Amino acid sequence: MVANRSTHPLLRVVSTLILAITAMTLSVATAHADTRSANYSVDQQPGDSGPIRGPAISVLLADGQLLFRMGMQAAIAGQPDMTCVAEVSDGLAAVREIQRLRPDVAFIDLDLPGLADAGPIDTATTRILALATEHTDENLYRALHLGATGFLARSGPVNDLLAAIRTAVHGAALIDPVLTRQLITRLSAGIEPFPATPEVETLTPREHQVLGFIAKGYTNPEIARALGIGGQTVKTHVSHVLTKLGVRDRIHAAVYAHTRRIGSIET
């Protein structure tokens, strides 16, 4: 049954998203022009014999895949107007380094371990480019919730990712406004964007508790202590949860729980 429009929890973000899509719709139209005409690092001054270089675009890489980070770091190192200031592999480190370094742009893997519990990311000084394996409504919602300027496929060509950095630093959005409008329509109608699917109903009460702890980033020993049960019993419950939800590991179980509001269940 659809929740009452005045009490539906997702409606609290609708006004923010509507403002966001308005800005995105206006900026996407100029993104291509900005990318072609803007030169972030070179500015010719009258009477000078050569170009004067300004500050390079500082980039932070937050991704769980080492090969991706290595590839992007090498690509950025080959650009005269960019520099990679840090690379991290978990959400807590990403938030910490963004706060410490205040990079111009940060690539954030939406499936980054610990990202759901890492706290808000300061987007006032850093443009966020969210990376996802697939362009789904679920991933788009997570990217918008993160405050991302861009929503990109991690498998995209390196040149496209480098162009996205330059586009983002000049204030243009890289999120398809059509997809965003569709998502906002669903939110405005009071419809859960990712309702709990039938497999959730197959979980036992104890498995629900275990899933709740997984969503909060607890390790198996921590779950065992919290529930007063043995470590092997926890492993069995975790295995059952993964099988019933159809996810391949506890990270994806946590993502599943958070996007379907299961992570906040009582534990």
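Quick caveat, the model's predicted, so the values are computed rather than measured. Below, each value reflects all heavy atoms present in this structure, side chains not excepted, and no hydrogens, waters or symmetry copies. Quick note: residue numbers are just sequence positions, from 1.
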* Asked: Yes or no on side-chain contact (heavy atoms from CB on, under 4.5 Å) for E138 and L110, after CA distance, side-chain angles and deciding distance?
  -> CA-CA 11 Å; E138 180 176 347; L110 288 177; over 6 Å; no
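- F151 is linked by a ring pair (Phe, Tyr, Trp, His ring centres under 6.0 Å) to H135, counting only residues two or more places apart in sequence or in another chain.
- Listed by chain and number, the residues in a salt bridge (charged side-chain N to carboxylate O under 4.0 Å, His left out) with D90 amount to none (sequence neighbours excluded).
- Residue pairs meeting the side-chain hydrogen bond (donor to acceptor under 3.5 Å, both in side chains) criterion with at least one member in residues 60-73, sequence neighbours excluded: D63-R154, R69-E87, Q73-E87.
- For T219, the side-chain hydrogen bond (donor to acceptor under 3.5 Å, both in side chains) test picks out E222, with sequence neighbours left out.
- Under the 4.5 Å side-chain heavy-atom criterion for ILVMFWY residues, a single connected hydrophobic cluster contains both L131 and V158.
- Rounded to the nearest 0.5 angstrom, L161 CG and M72 CE are separated by 5.0 Å.
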* Should T126 and L101 be marked as a side-chain contact (heavy atoms from CB on, under 4.5 Å) after you check the CA-CA gap, both sets of side-chain angles, and the distance that decides it? -> CA-CA 10 Å; T126 300; L101 299 171; over 6 Å; no
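- At a threshold of 4.5 Å between non-hydrogen side-chain atoms, the residues I223 and I214 count as touching.
- Counting all heavy atoms, side chain and backbone alike, T123 lies closest to G147 at CG2-O, 3.8 Å.
- In the hydrophobic clustering of ILVMFWY residues, with side-chain heavy atoms under 4.5 Å counting as a link, F68 and M82 come out together.
- The closest side-chain heavy-atom distance from V85 to E97 is not below 4.5 Å.
- For R96, the side-chain hydrogen bond (donor to acceptor under 3.5 Å, both in side chains) test picks out no residue, with sequence neighbours left out.
- Remark: Y218 engages F213 in a ring pair (Phe, Tyr, Trp, His ring centres under 6.0 Å) (not counting sequence neighbours).
- Taken to the nearest 0.5 Å, the CG atom of L203 stands 5.0 Å off from the CG atom of L245.
- Between A94 and I108 the shortest heavy-atom distance is CB-CD1, 4.4 Å.
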Enumerate donor-acceptor pairs with a distance under 3.5 Å from any side-chain N or O in residues 226-240 to protein atoms, sequence neighbours excluded.
from: T236; atom 1: OG1; to: Q232; atom 2: O; distance (Å): 3.1
from: H240; atom 1: ND1; to: E207; atom 2: OE2; distance (Å): 3.4

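- With D109 contributing its side chain and A62 its backbone, the two residues share no donor-acceptor pair below 3.5 Å.
- Residues satisfying the side-chain hydrogen bond (donor to acceptor under 3.5 Å, both in side chains) test with R225, not counting sequence neighbours, are none.
- Applying the salt bridge (Lys or Arg N to Asp or Glu O under 4.0 Å) definition to pairs two or more places apart or across chains, none involves residues 124-134.
- Residues P103 and V59 fail the side-chain proximity criterion, which asks for heavy atoms closer than 4.5 Å.
- Between V105 and T149 the shortest side-chain heavy-atom distance does not fall below 4.5 Å.
- The shortest distance between side-chain heavy atoms of L211 and V200 does not fall below 4.5 Å.
- Taking both residues in full, the closest heavy atoms of A148 and I175 are given as O-CD1, 3.5 Å, listed atom of the first, atom of the second, then distance.
- Take R102 and apply the salt bridge (charged side-chain N to carboxylate O under 4.0 Å, His left out) test, not counting sequence neighbours, and it matches D122.
- When hydrophobic clusters are built by joining Ile, Leu, Val, Met, Phe, Trp and Tyr residues whose side-chain heavy atoms come closer than 4.5 Å, directly or via intermediates, L92 is not grouped with I98.
- Here D104 contributes atom CG and H170 contributes atom NE2; the two are 10.0 Å apart, rounded to the nearest 0.5 Å.
- Here the straight-line distance linking atom CG of L115 with atom CG of L146 works out to 5.5 Å at 0.5 Å rounding.
- Remark: A164 engages L129, L152, L174 in a side chain to side chain contact (heavy atoms under 4.5 Å, CB included) (not counting sequence neighbours).
- Here salt bridge (Lys or Arg N to Asp or Glu O under 4.0 Å) pairs that include residues 139-152, with residues two or more places apart or in two chains, are D111-R142.
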